[in-house]
2 protein chains.
Amino acid sequence: MSPTGSRVRDAAIELFAERGFHGTGIRDLAERAGLSSATLYHYMGTKEDLLVSIMTTSLGRLLTAGERLTADGDPLARITALVELHVLTHAVRRLETRVVDDEMRSLSPDHRATVVALRDRYEHLWQDAIDTGCATGAFHVRAPRVARLALLEMCGGIARWYTPDGPIPLEQLALRYAEMALGVLGAAGPPPELAVDSVRRTMALVDEIWLPD
Amino acid sequence: MSPTGSRVRDAAIELFAERGFHGTGIRDLAERAGLSSATLYHYMGTKEDLLVSIMTTSLGRLLTAGERLTADGDPLARITALVELHVLTHAVRRLETRVVDDEMRSLSPDHRATVVALRDRYEHLWQDAIDTGCATGAFHVRAPRVARLALLEMCGGIARWYTPDGPIPLEQLALRYAEMALGVLGAAGPPPELAVDSVRRTMALVDEIWLPD
DNA sequence: GGTTCCCGATCGATCGATCGATCGGGCATG
DNA sequence: CATGCCCGATCGATCGATCGATCGGGAACC
């Protein structure tokens, strides 16, 4: 994407996250990007196209990363990696993940269907790890589907309050969330040094997939 | 409130939850309430006044209920009751709790300060129960503040997907969330019959505080 | 001289909010 | 009981502002 195109996208992510899609005007977008409102349309389609593009690329990266992290490993390792991935991305890409999570309702039906399909594929990675863990006896959950929804909300919620200035380093935060998630699933955690290894591996993947832009 | 005033408020809750505050027009509101857009202003102040009123009454009820449920009891009983309360209200009053949780950003600074103050008082009930439980050894959490945030997001998230038609009765759902919350806190759960008693008591309080309208 | 980039001007539509006017039912006065 | 008045409730019309989007043309670069 052209440098100006990226500026437009970044401005949109900031404003959509801050004020919401309907709360952001074309002129706000243009001002933030340092362009006239007319020039904006040289770099984007409609305002909704811009939203859809932000959501699909963000969700697409999350899905790619999730698939790589769950390609092998036992259920405990897989769910741990997914929790770390979800927490880390929602922290380091706080604004765009908020847009993805909060602006689904602003999409027209067909666009929404596309985005929901992506989200469902991602959430299936979680459900599969949880169900397998329940079957092997690694997890003890009475309602696996509810557990998936609860975990996703819990981990994604970090985007609503995280700031890099907080007292707890991000790596520690991811460890805490992994511990809490295993508590939700009624599972015993791995030895601490293995947990740290897992977080470092996940952080490296997040850097690899999210940094090149 | 007058019957028509209630109709206006109900319409606003539905539309704000469905389309967002900025996504809802005065004329949408009027149509849903069965009035002209002019008549709307006989029953409300500005559109934002309507939003503030919805948020403060909803949060006020939650705070009242939370204070009553945590007036006595050990930390485990208190956090269990808070989880049940949060889950039950976010399920039975799904729309208005979504408005409270999602539309904070649509408020002007002074109105937001009012609502945030209410929310902070409510969340302090959670933090106090968690901290006390950590001090007495009932809970085992490395980062109590993070645990509070994680629990609140996990429990409130039910408003994003709950429907009464689901396969799991609401009472069971509350029990599952209480179990998961104790897992997050590293606490042993109470015997099943005590847990059921707690949920029934919380459901009765929710009915008492939320039904009279 | 075509292509890319950019903008001032402007479009019709819709926004939140207000206007003056009307209707009808209670209520005090005679 | 009848009359005249008041007022809550309601509406159609309309306000100025802003919305998302488009146009034709200028400037810069290859």
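We name chains A, B, ... by the order of the sequence lines, and we start the count at 1 in each one. These values consider heavy atoms only, across backbone and side chains, with no hydrogens, waters or symmetry-generated copies.
Side-chain atoms of B:Arg105 never come within 3.5 Å of backbone atoms of A:Glu18 as a donor-acceptor pair (strictly under, hydrogens ignored). A donor-acceptor distance shorter than 3.5 angstrom exists from the side chain of A:Thr24 to the backbone of A:Leu15, with no hydrogens or angles considered. Under the 3.5 Å distance criterion, the side-chain polar atoms of A:Thr56 are matched with a main-chain donor or acceptor of A:Val52. The backbone N or O of A:Thr163 sits nowhere less than 3.5 Å from a side-chain atom of A:Arg94 that would complete a donor-acceptor pair.
Taking atom CD on A:Glu48 and atom P on D:dC19, their separation rounds to 18 Å, with Å as the unit. Rounded to a whole Å, the NZ atom of B:Lys47 is 14 Å from the P atom of C:dT18. Here the P atom of nucleotide D:dT10 and the CE atom of B:Met44 are 14 Å apart, to the nearest Å. One can place CG of B:Leu40 at 14 Å from P of D:dG12, the figure rounded to the nearest angstrom. D:dA21 atom P lies 12 Å from atom CG of A:Leu51, rounded to whole Å.
Checking D:dT10, C:dC7, D:dG20 against every side-chain atom of B:His42, the shortest atom distance belongs to D:dT10.
Every residue meeting the salt bridge (Lys or Arg N to Asp or Glu O under 4.0 Å) condition with B:Arg121, not counting sequence neighbours, appears here in chain and number order: B:Glu67. A:Glu14 is linked by a side chain to side chain donor-acceptor pair (under 3.5 Å) to A:Arg32, counting only residues two or more places apart in sequence or in another chain. Under the side chain to side chain donor-acceptor pair (under 3.5 Å) criterion, B:Thr46 pairs with B:Asp49, sequence neighbours left out.
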- request: For each nucleotide in nucleotides 22-30 of chain D, reading 5' to 3', give B when a protein heavy atom comes within less than 4.0 Å of its base, S when such contact involves only the sugar-phosphate, and - otherwise.
  value: BB-------

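Residues from residues 16-33 of chain A that place a heavy atom under 4.0 Å from any atom of DNA chain D, listed by number: A:Thr24, A:Gly25, A:Ile26, A:Arg27.
Between B:Trp126 and B:Leu82, the shortest heavy-atom distance links the atoms CZ2-O, 3.4 Å. For the pair A:Cys155 and A:Val87, the tightest heavy-atom approach, listed with the atom from each and the gap, is CB-CG2, 3.9 Å.
Residue A:Phe16 forms a side chain to side chain contact (heavy atoms under 4.5 Å, CB included) with just one option from A:Val100, A:Leu95, A:Val99, and that option is A:Val99.
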task: Give the intermediate values and the outcome of side chain to side chain contact (heavy atoms under 4.5 Å, CB included) for residues B:Met180 and A:Val146.
output: CA-CA 10 Å; B:Met180 292 190 291; A:Val146 175; 3.9 Å; yes

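A stem is defined here as three or more consecutive Watson-Crick or G-U pairs, each with both distances under 3.5 Å; for DNA chain C these stems are C:1-30 with D:1-30.
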